[in-house]
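Structure first, commentary second.
Quick note on labels: first sequence line is chain A, next is B, and so on, each numbered from 1. Fair warning: this is a prediction, and the values are worked out from it, not measured in the lab.
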Amino acid sequence: QQPVQSPQAVILREGEDAVINCSSSKALYSVHWYRQKHGEAPVFLMILLKGGEQKGHEKISASFNEKKQQSSLYLTASQLSYSGTYFCGTEPLRAGGTSYGKLTFGQGTILTVHP
Amino acid sequence: ETGVTQTPRHLVMGMTNKKSLKCEQHLGHNAMYWYKQSAKKPLELMFVYNFKEQTENNSVPSRFSPECPNSSHLFLHLHTLQPEDSALYLCASSQDDSGWDYGYTFGSGTRLTVV
């Protein structure tokens with residue numbers, strides 16, 4: 001079952017912050033985040049493997065709340081280059097603490113950054 | 001180029017045609033995937049290959065037939081498609097089927113139109 005992302009779309013001015021959420025109905029092994037620009041391939045941003053893990057990539061960071069089966073992507077001081085569609089992908093947790101190796105994506109959040 | 005090359009970039013085919021999509025990666029990855037991306041729908045996982053063995057068929061109709069002759073190449077053979085099969089078909093690869101730490105690397109996709 002696919003994760004649910006919110007919001008569906010965000011419009012920002014340069015320098016503003018945004019948060020994109022990803023929720024799953026299943027226990028998770030990992031959460032991936034990708035960005036796709038129009039006409040291009042999705043690009044890997046980061047993966048979160050452990051409950052409570054936080055990772056950062058320049059001004060983009062993410063957290064993973066294992067209990068709530070949720071992840072959030074934080075974009076701070078947004079730049080024009082941040083525009084695109086952001087997807088979370090989730091791997092369900094298998095008995096024994098491993099994954100099924102089956103990444104399921106949310107519907108995407110369209111982020112538009114204006115000058 | 002992302003390290004995963006897909007050909008052709010665009011394909012128009014009739015419903016009675018047979019065609020194949022090709023995906024190639026020289027990243028040393030052991031897992032390869034086919035995803036379908038339709039307008040306003042999430043990325044849909046179709047097939048997973050891990051060390052050349054198919055480990056996932058996500059209830060894909062038999063008119064789509066994957067082939068993985070080695071860890072670097074993945075094909076998607078198409079025959080008697082329907083107009084609703086028109087979509088962007090994305091190939092991806094990862095170190096193994098957990099996508100651990102480095103995530104998936106996607107190709108730029110083949111835009112398929114069935115007429």
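- Between chain B and the residues A:Gln36, A:Met46, A:Glu40, the largest count of heavy-atom pairs under 4.5 Å involves A:Gln36.
- Heavy atoms of other residues, nucleotides or ligands lying less than 6.0 angstrom from CD of B:Gln82 number more than 12.
- Qualifying ring pair (Phe, Tyr, Trp, His ring centres under 6.0 Å) partners for B:Phe64, counting only residues two or more places apart in sequence or in other chains: B:Tyr89.
- Taken together through direct or relayed side-chain contacts under 4.5 Å among Ile, Leu, Val, Met, Phe, Trp and Tyr, A:Phe64 and A:Val4 form parts of separate hydrophobic clusters.
- Taking a 6.0 Å sphere around NZ of A:Lys26, one finds it holds 12 or fewer heavy atoms contributed by other residues, nucleotides or ligands.
- The cluster map of Ile, Leu, Val, Met, Phe, Trp and Tyr, joined by side-chain heavy atoms under 4.5 Å apart, puts B:Phe75 and B:Met32 in different clusters.
- Close approach to chain B, defined as a heavy atom under 4.5 Å from one of its heavy atoms, is seen in A:Leu103, A:Phe105, A:Gly106, A:Gln107 of residues 103-110 of chain A, taken by number.
- Put simply, the side chain of B:Tyr33 never gets that close to the backbone of A:Lys102: no donor and acceptor are under 3.5 Å apart.
- No chain of hydrophobic side-chain contacts below 4.5 Å, direct or via other Ile, Leu, Val, Met, Phe, Trp or Tyr residues, connects A:Val19 to A:Val10.
- The same ILVMFWY cluster, assembled from side-chain heavy atoms under 4.5 Å apart, contains both B:Met13 and B:Trp34.
- Residues of residues 69-82 of chain A never come within less than 4.5 angstrom of chain B, heavy atom to heavy atom.
- A continuous path of ILVMFWY side-chain contacts below 4.5 Å connects B:Tyr49 to B:Val60, so both sit in one hydrophobic cluster.
- With 3.5 Å as the limit, one finds no donor-acceptor pair spanning the side chains of A:Gln2 and B:Glu44.
- The minimum heavy-atom distance between A:Ala41 and B:Gly107, with the atom names listed, is CB-O, 2.9 Å.
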Output, in order, the C-alpha distance, side-chain angles, deciding distance and verdict of side-chain contact (heavy atoms from CB on, under 4.5 Å) for B:Phe106 and A:Phe44. CA-CA 8 Å; B:Phe106 281 88; A:Phe44 173 69; over 6 Å; no
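- B:Val115 shares a hydrophobic cluster with B:Val12; the chain of contacts runs through ILVMFWY side chains whose heavy atoms sit under 4.5 Å apart.
- Crowding of A:His38 atom NE2: a count of heavy atoms from other residues, nucleotides or ligands under 6.0 Å not exceeding 12.
- Both the backbone and the side chain of B:Leu43 come within contact range of chain A, each with at least one heavy atom under 4.5 Å from a heavy atom of that chain.
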